[in-house]
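Some notes on the structure that comes next.
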Amino acid sequence: MAEAADFQGMVPSPARRWLRRAAGLFAGAPLAAGLLCVPGAASAHAAEDITPSRTVDVSLDALTPGAPVEGDKVTVSGTVTNRGKETVTDAHVGLSVGPRLSGRTAIDAADQRSQDVDIRDPAELGGKFTKKFSRIPSGISEDFSITVPVDKLELDDQGVYQLGVSLSGQTPSRPYEQTLGIQKTFLPWQPDATEKKTQLTYLWPLISSTHLTAETGSDEQQTPVFENDNLGAELAPGGRLNQLVSLGNELPVTWVVDPDLLATVNAMTQSYQVKSQDGETTVAGKYQTVANQWLSDLQKAVDGRKVVALPFADPDLASLAHRGKHVPGSLSHLRRATDVAATAVKSILQTEPTTDFAWPVNGAVDPSVVDVATSAGAHNVIARSDSLPETGGLSYTPTAARPIGGGTTAVVADARLSTAFEGDMSSAGDSTLAIQRFLAQTLAVTLQDEEKQRSVVVAPQRLPSAGQAQSMASALHSLDAQRWSQPLDLVAASKARPDARATTDVPGAGSYPRSLSKRELPAKAFQDIKATQDTLDNFKVILTAPDRVVTPFGNAVNRAMSTSWRGSERPAQKYRDGVQSYLESLTDEVQLIQKSDATLSGRSATVPVTVQNQLVQGVENLVLRLTSTKPTRLKLDGDQSIAESPVKVTGGHSQSVKFTATANANGPVPVTAQLYTEDGTPYGRQMEFTVDVNEFTPTVMLVIAGGVLLLVLAGVRMYTQRKRAAAREAADGGDGESGGEGDDAEQPSDPTPDTGPESGNPSGAGEKVDR
C-alpha cells in the first residue's frame, strides 16, 4: 500500500516540549556537577550509557484498555526476567510515553527498535507509577502490574504514541542506576470519534487440511473412512476450529468457509471409521457428539451473516495456473469444485453463501493466477497489497476494491494488517504486542486523510491457530467502540467505489514470489489427478449406482489439489497414490475368471467364459469379446473370428457367457477374452486360454472300432450260415429252397451326427468346455 505522508501536526505540543526540556535540565543539573567533580568516572559511565546493556527481558503480557479514552485507567502488566549472570539490585519497572508517530512507516520503524535501549528514550513517569524490586537474581522472573490514569500519560492530540516499559537497576559490575531492559509498544489515542471512519472488513477463515480418504464402507450408508481422528481434537473445546467458531460468533467478520471442512465434519456426525496405525484395519471414530455440537454452534454463528464459500477443498489456484493448466482436464476440476460449494454450504449450514470470490495463497497474483481464479465464474479476486503495490504516489492507503479488467475486481487486502498475527501467538507478550501494533496501524490509516472515507480489507493467514484466533478477536473487540473504524462485510467491500488513482495493473509473472512458487504443487500432481479421473470415468459407466463411487472419488480428486498440501510433497503424493490404488482395487472387483486350457470334442460346442462382480452394486453396459487367433482352425458364432455378448451382473455374483465354437481342423488355438465398455474402451485385464481342436477323440475311435468289430462278426456269422446251408443241400441232394439269408442279414446303423453349429440348444455331454 502507499504510505501516508507524515501526520499533520503530529509532534509534541509547545507546552509539553517546554515541560520535558525543563525536566531534563533539572534532572541533568546534579549530573553535571558530578561530572565536574569526578571526570574519569563520569566519562566511563557516559561511554557505557551510549551503548546500554540489555540483560533483562521485559515481557508486556497485558495492556488494558488497548485503546483508552478520557477517564480510563491504563493497566500494564507483565514479567521481567534477569538473563544476565549478575544479580540486579535496587530495581524498578517504569513507564514512559514517547512523541506521536508520524505515519505507518514511522510505526514500522519504531516496531523494529522495540527492544532497543536508547539514552534518547523519554523519561519515566516516575513516582507511584513504578514497581520496585529489591533484588532479582540471575535467571529469576518477577511479575509486575502498573495502573496509571490516562490524564497522567500526557497524551496530546489524537494519534499513535509509543509506550515504553523498562526495568532499571544496578549490578555489582555497574553499581549505578541504568536501564537494563525495555519493551516498547503502541498506544492509539482517539478521544473523540472521527466523522468518516475507515470501513474495516475482516475475513474469518474456517479451513482445515484433508482428513477424509476416498474409502467408504460397503454398507448402505457408505460409512466414511478417515486417515486419522485429528480433526476431532480441533473441533473439541479449546481446539483450533472450536475457538474460531466461539470467538467469531461475537465478532463483526465475514466468514470464509471451505465446504470440504463442513462436509467432513458432517460425515463425523454419524458413524465413521478411522484407519489404525498399520493402515490395514479401521476402528470406530469417537467424535460424533463433538462434531454435532460444532456444526450446531456454527449454524448459530453464521445466521444472518455473510458467508463466502471457497471452491470445494480450497484448490491451490496458483499451482493450477503455474503447473496444472497445461495438463488436460485440470481446470475442469476447479469448475466442479465451485459448483458443489454452494450446495454443500447451504445444505449443512442452512444459509445461502456467495461463491463469487477467489482467494489465491497470500493474495499473491499474476495474470495467469487471475485467469485461473476467474475461470470457474468468480468475479472477485482477493489479492494483497504486497503483491499489488501502489505506484500512483498516493499519500494514503486506498480503498481495497479496484477494477483490473475483464469485469474482474481485485479486493486488495492490507498486507500489514493481514500479517499482524502471524507467528507464535501462544505467548501473552507476543499477542499483546501484535494487538497494539494492529490497533496503531488501523488508526494510522484513518488519520492519513480524515476527510476521505476508505474501505480496508484484512485477509489473515488461512489456518490460524487457537492463539492467533484469540489475538485477532481481542484486537477486533478493541475496535468495538468504533471511534475510528466500523465493520463492513466483504461483499459490500468489493462493491465500494474505487480510488481513481489506485493501482489496477496486475504485476507480471516474474513478480510472483519465489518463496511461494517453491511450495506449489508439482506438475506430477496434476498428472496423477488426471490418471485417477480417467480411471474413474471408465469405471462409472458400468455401474448401476455410479453416485456411490463418483461422489467420494470426485471429492478426493478435489482434495488432491488442496492448498493445504503446499510444502508437504510426500504426504500429498501418498494421498494421491492411496486414492488411485483404492480406485483400481474397486475396478478389479469386476473381472474375468481365468480359464485353464480346454479341448473341443466334436465339430462344434459352446465355450463358456465367466465374469465375476464382487462389488456390492450391479454392473452393466459391458461387452465381452472373445477372439479366435486362428479362425481357419476355430470359428466363433458361426463363421466369425470374433464373438461378442453383452454383460450384466448383479452385485456379489458371477455370470457365465457362452459362445458357440466350430472346428475346421485339429490343433491348438489361442483364444483371448476381453471386457469392453459400450464405447469400445477396454475394461480390466485381457484373459488368454487355449482350445485344443481334436475332431476324432478317443471316444469316437472306440465307436468306430466297435462298428468294425460288429461288421466282422456279422461277416463270420454269414459265412458260417452259408457253409451250413451248403452242407445241408449236399446232404439233401440239392433239394429244397434256400432262404433266410435276407432275413438274417444285419446292417450297422449310421453314427449320430455332431450337434450342428446352427443349433441353439445346449451341447450334449462331452461337448461343453467349462474350465
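Just so you know, these numbers come straight off a predicted model, no measurement behind them.
- Counting heavy atoms from C-beta outward, Gln162 and Thr185 have side chains that stay 4.5 Å or more apart.
- The salt bridge (Lys or Arg N to Asp or Glu O under 4.0 Å) search around Glu352 returns Lys346, not counting sequence neighbours.
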side-chain contact (heavy atoms from CB on, under 4.5 Å) between Thr201 and Val456, worked out: CA-CA 6 Å; Thr201 301; Val456 174; over 6 Å; no

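- For the residue pair Asp297 and Gln293, a side-chain donor N or O sits within less than 3.5 Å of a side-chain acceptor on the partner.
- A salt bridge is absent between Asp156 and Arg100: the closest approach of a Lys/Arg side-chain nitrogen to an acidic carboxylate oxygen does not fall below 4.0 angstrom.
- For Phe438 and Phe421, the distance between ring centers is under 6.0 angstrom.
- Atom NZ of Lys275 sits in a crowded spot, with more than 12 heavy atoms from other residues, nucleotides or ligands closer than 6.0 Å.
- Side chains of Thr351 and Arg305: a donor-acceptor N/O pair is absent below 3.5 angstrom, by distance only.
- A salt bridge does not link Lys184 with Asp118: every distance from a Lys NZ or Arg NE/NH1/NH2 to an Asp or Glu carboxylate oxygen is 4.0 Å or more.
- For Thr198 and Gln453, the side-chain atoms include no donor-acceptor pair closer than 3.5 Å.
- Within 6.0 Å of atom CD in Gln482, more than 12 heavy atoms from other residues, nucleotides or ligands are found, so the atom counts as buried in its surroundings.
- Side-chain contact annotation: Thr354 with Asp356, donor-acceptor N/O pair under 3.5 Å absent.
- Checking side-chain atoms of Ser138 against main-chain N and O of Gly84 turns up a donor-acceptor pair under 3.5 Å.
- Contact check for Ser59 versus Gln183: no side-chain heavy atoms found under the 4.5 Å cut-off.
- Residues Gln441 and Asp108 have side chains that bring a donor and an acceptor to within less than 3.5 angstrom of each other.
- Side-chain contact, Ser431 with Ser471: a donor N or O sits under 3.5 Å from an acceptor N or O.
- Electrostatic pairing of Asp192 and Arg483 does not count as a salt bridge here, judged by no charged N lying under 4.0 Å from a carboxylate O.
- Taking the side chain as every heavy atom from C-beta outward, Asn380 and Val491 never approach each other to under 4.5 Å.
- The environment of Arg566 atom CZ is dense: over 12 non-hydrogen atoms of other residues, nucleotides or ligands sit within 6.0 angstrom.
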Test side chain to side chain donor-acceptor pair (under 3.5 Å) applied to Thr79 and Asp143, step by step: CA-CA 4 Å; Thr79 305; Asp143 296 333; 3.0 Å; yes

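- The 12-atom threshold is exceeded at NZ of Lys197, counting heavy atoms of other residues, nucleotides or ligands nearer than 6.0 Å.
- Side-chain contact check for Asp151 versus Glu70: every heavy-atom pair is 4.5 Å or farther apart.
- Although no hydrogens or angles enter the test, the distance criterion places a donor-acceptor pair under 3.5 Å between the side chain of Ser418 and the main chain of Ala459.
- For CD of Gln299, the number of neighbouring non-hydrogen atoms (other residues, nucleotides, ligands) closer than 6.0 Å is greater than 12.
- In Glu195, the CD atom is not crowded: 12 or fewer heavy atoms of neighbouring residues, nucleotides or ligands sit closer than 6.0 Å.
- A heavy-atom distance below 4.5 Å is not found between the side chains of Leu200 and Leu488.
- With a 4.5 Å cut-off on side-chain heavy atoms, Leu417 and Val457 do not count as touching.
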Steps toward salt bridge (Lys or Arg N to Asp or Glu O under 4.0 Å) verdict (Arg416, Asp414): CA-CA 6 Å; Arg416 288 189 183 92; Asp414 186 87; 5.3 Å; no

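- Side chain to side chain, Tyr272 and Asp229 meet the donor-acceptor criterion of an N or O pair below 3.5 Å.
- Thr64 contributes atom OG1, which lies 12.5 Å from atom NZ of Lys73 (distance to the nearest 0.5 angstrom).
- Donor-acceptor pairing under 3.5 Å is recorded for the side chains of Gln468 and Gln461.
- Salt-bridge check for Asp314 with Arg462: passed, with a basic side-chain N closer than 4.0 Å to an acidic carboxylate O.
- Look at Arg559 and Asp260 and you find a salt bridge, because one of the NZ, NE, NH1 or NH2 atoms lies within 4.0 Å of a carboxylate O, short of that distance.
- Ring geometry, Trp255 versus Trp204: the interplanar angle exceeds 60°, so the pair is classed perpendicular (tilted spans 30 to 60°).
- With respect to Lys132 and Glu142, no salt bridge is recorded, no charged nitrogen being found less than 4.0 Å from a carboxylate O.
- A side-chain donor-acceptor contact under 3.5 Å links Ser141 and Thr81.
- Looking at heavy atoms from C-beta onward, Trp189 lies in side-chain contact with Tyr161 at the 4.5 angstrom threshold.
- Inter-residue side-chain proximity for Leu479 and Trp484 is flagged as met; some heavy-atom pair is nearer than 4.5 Å.
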